[in-house]
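Only one structure is covered here, and it is reproduced in the block below.
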Amino acid sequence: MAATTEFNFQVDPEAAKIVVNSGIPITLAPLNVGFEAQLLDEDKKNIHKVKNPVGQAVAGLVDFYGLSFDSYWNFEGLPMYDPCTIAWLIDPTKFVSRNCYVDVETKGELTSGESVIDYYNITKKKPNADVLFHIDRPWFAQLVLDAVKSFD
């Protein structure tokens, strides 16, 4: 995995480019949002306190998933990328976003699959995605915990 690419874009940058430039409405949750959507140690401890079968399974998955980040990244907590999508579907008001022009690099030696986001409208191209910039992390962590507890 490259340092600045989302996994799904990196494995098939040509497909990502087609989708981003297709004209369909797109909301993009780049890596930075996943980096903000972290489960901190206290959040992980709270998940471990949930004694239903789902809680125990999620606690084990979070622990296992955390092993890869403990050895390669220097995050305060455990970034949660894919759950950002569900969180946005539940309440998009918990995110800060902006319409931007986005394209996908397909030829770069170091950047193939990287989403190139024109944050400041330098290219003057029509915005084609609602790009998420920030998430309400405490709300997100509580959402995850409440979802796990809901199986009681």
Side-chain angles (χ1 to χ4, degrees), residues 1-50 52 54-55 57-59 61-66 68-69 73-106 111-152:
M1 165 107 67
T4 59
T5 57
E6 293 87 4
F7 175 78
N8 295 319
F9 280 24
Q10 186 178 9
V11 296
D12 196 345
E14 290 80 12
K17 184 177 186 75
I18 290 168
V19 171
V20 165
N21 290 298
S22 69
I24 63 172
I26 292 175
T27 298
L28 181 67
L31 289 175
N32 57 297
V33 175
F35 294 163
E36 285 189 11
Q38 293 185 34
L39 294 179
L40 304 179
D41 286 341
E42 187 65 28
D43 304 319
K44 292 186 276 184
K45 287 177 188 171
N46 287 334
I47 291 171
H48 272 275
K49 292 177 186 174
V50 179
N52 67 45
V54 172
V58 170
L61 288 169
V62 165
D63 289 346
F64 180 76
Y65 179 55
S68 65
F69 285 95
W73 301 86
N74 190 25
F75 291 117
E76 181 181 358
L78 183 62
M80 305 296 289
Y81 306 104
D82 294 343
C84 284
T85 301
I86 302 306
W88 179 83
L89 289 168
I90 291 170
D91 190 350
T93 68
K94 300 298 184 180
F95 293 80
V96 174
S97 68
R98 184 168 66 221
N99 287 322
C100 298
Y101 175 75
V102 177
D103 209 337
V104 179
E105 176 59 54
T106 60
T111 59
S112 185
E114 183 172 333
S115 55
V116 179
I117 302 168
D118 185 0
Y119 296 106
Y120 304 106
N121 197 25
I122 302 295
T123 64
K124 304 296 184 210
K125 292 184 178 181
K126 181 181 176 187
N128 59 351
D130 185 30
V131 180
L132 304 180
F133 285 90
H134 301 287
I135 184 173
D136 179 338
R137 196 217 66 83
W139 169 83
F140 174 78
Q142 189 62 51
L143 179 70
V144 171
L145 181 60
D146 290 345
V148 171
K149 286 181 175 179
S150 73
F151 290 92
D152 282 340

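- Shown here are the side-chain hydrogen bond (donor to acceptor under 3.5 Å, both in side chains) partners of Asn8, two or more places apart in sequence or in another chain: there are none.
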Evaluate Val58 against Val50 for side-chain contact (heavy atoms from CB on, under 4.5 Å), listing each step before the verdict. CA-CA 10 Å; Val58 170; Val50 179; over 6 Å; no
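- Not counting sequence neighbours, the partners of Asp43 by the salt bridge (Lys or Arg N to Asp or Glu O under 4.0 Å) test are Arg137.
- Within the 4.5 Å cutoff, the side chain of Asp12 has heavy atoms near those of the Glu14 side chain.
- Residues passing the side-chain hydrogen bond (donor to acceptor under 3.5 Å, both in side chains) test with Glu105, sequence neighbours excluded: none.
- Taking the side-chain contact (heavy atoms from CB on, under 4.5 Å) definition, one finds that Lys49 meets it with Asn46, sequence neighbours left out.
- Of the possible polar contacts, one joining the Tyr65 side chain to the Pro79 backbone as a donor-acceptor pair under 3.5 Å is found.
- Thr27 places none of its side-chain heavy atoms less than 4.5 Å from the side chain of Ser97.
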Step by step, would you call Asn128 with Ile26 a side-chain contact (heavy atoms from CB on, under 4.5 Å)? CA-CA 7 Å; Asn128 59 351; Ile26 292 175; over 6 Å; no
Taking only distance into account, with no hydrogens and no angle test, what donor-acceptor pairs under 3.5 Å do side-chain atoms of residues 18-25 form with protein atoms, sequence neighbours excluded?
{"residue": "Asn21", "atom": "ND2", "partner": "Lys17", "partner atom": "O", "Å": "3.0"}
{"residue": "Asn21", "atom": "ND2", "partner": "Asp103", "partner atom": "OD1", "Å": "3.0"}
{"residue": "Ser22", "atom": "OG", "partner": "Val19", "partner atom": "O", "Å": "2.7"}
{"residue": "Ser22", "atom": "OG", "partner": "Ile24", "partner atom": "N", "Å": "3.3"}

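- Taken to the nearest 0.5 Å, the NZ atom of Lys44 stands 11.5 Å off from the CD atom of Glu42.
- Ring pair Phe75/Phe35 is tilted by interplanar angle, where 30° to 60° counts as tilted.
- Partners of Phe133 according to the side-chain contact (heavy atoms from CB on, under 4.5 Å) rule, which considers only residues two or more places apart in sequence or in another chain, are Arg98, Cys100, Tyr119, Val131.
- Here the rule is side-chain contact (heavy atoms from CB on, under 4.5 Å) with Glu114, and of Val104, Leu31, Thr106, Thr5 only Thr5 fits it.
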For a quick test of your reading: what N or O donor-acceptor pairs under 3.5 Å do the side chains of residues 140-152 make, sequence neighbours left out?
{"residue": "Gln142", "atom": "NE2", "partner": "Asp146", "partner atom": "OD1", "Å": "2.7"}
{"residue": "Ser150", "atom": "OG", "partner": "Ala147", "partner atom": "O", "Å": "2.6"}
{"residue": "Asp152", "atom": "OD1", "partner": "Asn52", "partner atom": "ND2", "Å": "2.8"}

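- Summarising the geometry of Pro138 relative to Asp136, their closest heavy-atom pair is CD-OD1, 3.2 Å, with the distance given to 0.1 Å.
- Among residues two or more places apart in sequence or in another chain, the side-chain contact (heavy atoms from CB on, under 4.5 Å) test is passed with Asn99 by Pro127, Asp130.
- Checked against side-chain contact (heavy atoms from CB on, under 4.5 Å), Asp91 has the following partners two or more places apart in sequence or in another chain: Thr93, Lys94, Trp139.
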